[in-house]
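Okay, so here's the structure we're looking at.
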Amino acid sequence: MAEKELSNFFNDYLKKEPLFLNRKVFQGGYLPETVDHRDEQIQFIAKILAPILRGDKPSNLFVYGKTGTGKTMCIKYIMEKMMETTNKSSNPLKILYLNCKLKRVADTEYRLIAQLARGFGKEIPFTGLPTDEVYRIFFNSVEKEKKPVMLVLDEIDQLVKKTGDGVLYNLTRCNEELKGSQVSLVGLSNDMVFIDNLDPRVKSSLSEEELVFPPYNALQLQDILRQRAKKAFKDGTLKPGTIEKCAAYSAREHGDARRAIELLRVAGELAERAGENKILLKYIDAAEEKIERDRLVDITASQPKQSQCILYSIIMLSTKKKGNIFTGEIYDFYKPLCQKTGLRPLTQRRISDVIAELDMLGVIHAKVISKGRYGRTREISLTLPDSSVLNIKKILEEGLDLT
DNA sequence: GTCAATTCACATGAAAGAGACCACGGTCTAGTG
DNA sequence: CTAGACCGTGGTCTCTTTCATGTGAATTGACGA
């Protein structure tokens, strides 16, 4: 773009009326002043946790619910209110919130405990200390604190899946060992069945109280979206039906409010970029496509080389041959490909895991089937939409230095 | 024709290794007064 | 004498390999009608 054109473009851009009043409403950590359609759950949680305000130990609590059902938001909302109350009263209280899924922060036993200890103002190195040492530091600081401590562990299922239930066992044991303070646990999980696989001792102590967050239905999603939209957009930006469509799309999936909100945001951005002063219905379709496309591109680009190489093999095989592909075929294609790219070929055992990972990410669809006499294998097909396959193939070729 | 045993091609689990990263304490080295 | 560079040790974390065990239905082959 020539210099003059560019400045013209910027001038035009400034002249145009922005659609957004306030983008913050759409950001991840945003907490609305009121929480819609979760009164029942909030009341329930509040009743259970309230004793802590008087210095008593409340029951441990376990909260289930799919992503985007408002678990985290409700807990944060309650935490905030509790802190407000406790600041006024004479009974101090310590609340620590941790998301166990955060990579490199709290996704292993060591890191979780280290992070908790840091919550008490301790300095813990990222690595180098024995784990028991960190436990000791943490326990000591709890003991010294002399006030009730509440630990909120978000996405706790991820932690247990990765590291086992030892951490939880140690944390629940905490109360028996410490005389001065009490620690109560609040666990949030996406996975309903995860607790059944826990050590029975941990299970009984952790799930003294349980609560399930049901998915939002389309009408509830509409309310939530409307509330956000009122703050985010200028009046009259939304065509009638826009909110309804966003809500319907997301309700059809799992009632995921986060997704619904993102959909609305991206639709707004697309409309703004197109120079519209209204968000038309077609931008919602476009937004849904864009979100999916971006997600897939992000995933593929951020995969390690080996996974990329395997995904590339899958793409090549599935374009070459119709129907499903099997693990063995992929491995046969992958091995010579490694030679070309200078990668060290991995064993088939590892490939099997990588394929399972790609399936988890939703890039491919893999199902274990038995072909009777002809063995047991995974039946694999691409789930990428045709429109992104070429694009992703290009990204992979660049990533792998293929010509 | 029926039924149990066999067989294939991986899936799945467990354990252990390699290599990267990091903190800590001790030793060495160069610069300073 | 001291600050900083440079090891060696001991720890975690992630990705892999190795070894072992599991699995589900097509196929096979014995058996009886």
Side-chain angles (χ1 to χ4, degrees), chain A residues 98-118 121-140 155 158-171 191 193-194 196-199 299-314 317-318 321 323-335 337-339 341-361 363-381 399-400:
Chain A
L98 258 186
N99 188 333
C100 306
K101 209 174 88 184
L102 288 181
K103 287 245 164 182
R104 318 217 152 264
V105 177
D107 58 345
T108 69
E109 180 173 16
Y110 177 92
R111 300 215 258 242
L112 177 83
I113 304 301
Q115 198 61 29
L116 289 176
R118 282 187 205 115
K122 301 280 175 201
E123 299 250 337
I124 309 278
F126 294 109
T127 163
L129 255 56
T131 309
D132 345 354
E133 179 76 15
V134 187
Y135 266 111
R136 237 195 40 234
I137 297 176
F138 170 64
F139 283 0
N140 283 342
E155 316 238 13
Q158 301 285 329
L159 178 75
V160 173
K161 207 186 283 167
K162 269 192 75 175
T163 66
D165 51 12
V167 205
L168 295 182
Y169 178 68
N170 286 332
L171 282 178
D191 186 353
V193 292
F194 127 92
D196 295 330
N197 305 326
L198 288 178
D199 183 309
I299 288 174
T300 38
S302 64
Q303 284 305 298
K305 286 260 156 93
Q306 293 285 3
S307 301
Q308 291 190 352
C309 193
I310 291 162
L311 181 58
Y312 184 75
S313 310
I314 296 173
L317 280 172
S318 68
K321 136 179 196 222
N324 293 316
I325 339 168
F326 306 107
T327 308
E329 291 176 278
I330 294 173
Y331 193 59
D332 290 341
F333 189 93
Y334 156 86
K335 252 199 295 191
L337 187 65
C338 278
Q339 297 247 304
T341 56
L343 283 171
R344 191 172 52 87
L346 302 178
T347 50
Q348 183 153 327
R349 174 69 187 85
R350 179 68 189 132
I351 303 304
S352 180
D353 281 348
V354 172
I355 290 173
E357 281 161 27
L358 288 174
D359 180 37
M360 284 279 291
L361 290 170
V363 187
I364 60 173
H365 184 78
K367 194 173 137 208
V368 179
I369 56 153
S370 176
K371 293 193 290 174
R373 189 70 203 270
Y374 305 105
R376 222 165 107 86
T377 181
R378 278 200 176 84
E379 195 179 61
I380 296 148
S381 56
L400 295 168

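Numbers restart at 1 for each chain; the letters A, B, ... are given by sequence-line order, proteins then strands. If you're wondering where the values come from, they're calculated on a predicted model, not measured in any experiment.
Atom OH in A:Tyr110 sits about 17 Å away from atom P in C:dG10, given to the nearest Å. Straight-line distance from the CD1 atom of A:Ile113 to the C1' atom of C:dC13: 16 Å, rounded to whole Å. Between the P atom of C:dA25 and the CD atom of A:Glu379 lies a distance of 13 Å, rounded to the nearest Å. Between the C1' atom of C:dT14 and the NZ atom of A:Lys305 lies a distance of 18 Å, rounded to the nearest Å.
Here the closest non-hydrogen pair linking A:Glu329 and A:Asn324 is OE1-O, 4.4 Å. Among all heavy-atom pairs drawn from A:Ile330 and A:Ile314, the shortest one is CD1-CG1, 3.6 Å. Taking all atoms of both residues into account, the shortest heavy-atom contact from A:Ile310 to A:Ile351 is CD1-CD1, 3.4 Å.
Separating the CD1 atom in A:Ile113 from the CG atom in A:Leu171 is a distance of 4.5 Å, to the nearest 0.5 Å.
Listed for the A:Gln308 side chain is a donor-acceptor partner under 3.5 Å among the backbone atoms of A:Gln303. Distance alone, capped at 3.5 Å, is enough to place a donor-acceptor pair between the A:Tyr334 side chain and the A:Leu346 backbone.
Which of C:dT18, C:dC13, C:dC15 sits closest to the side chain of A:Arg350 comes down to C:dC15.
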For a quick check, with a 4.0 angstrom heavy-atom cut-off, what is the B/S/- contact string for nucleotides 9-20 of chain B, read 5' to 3'? BSSBB-------

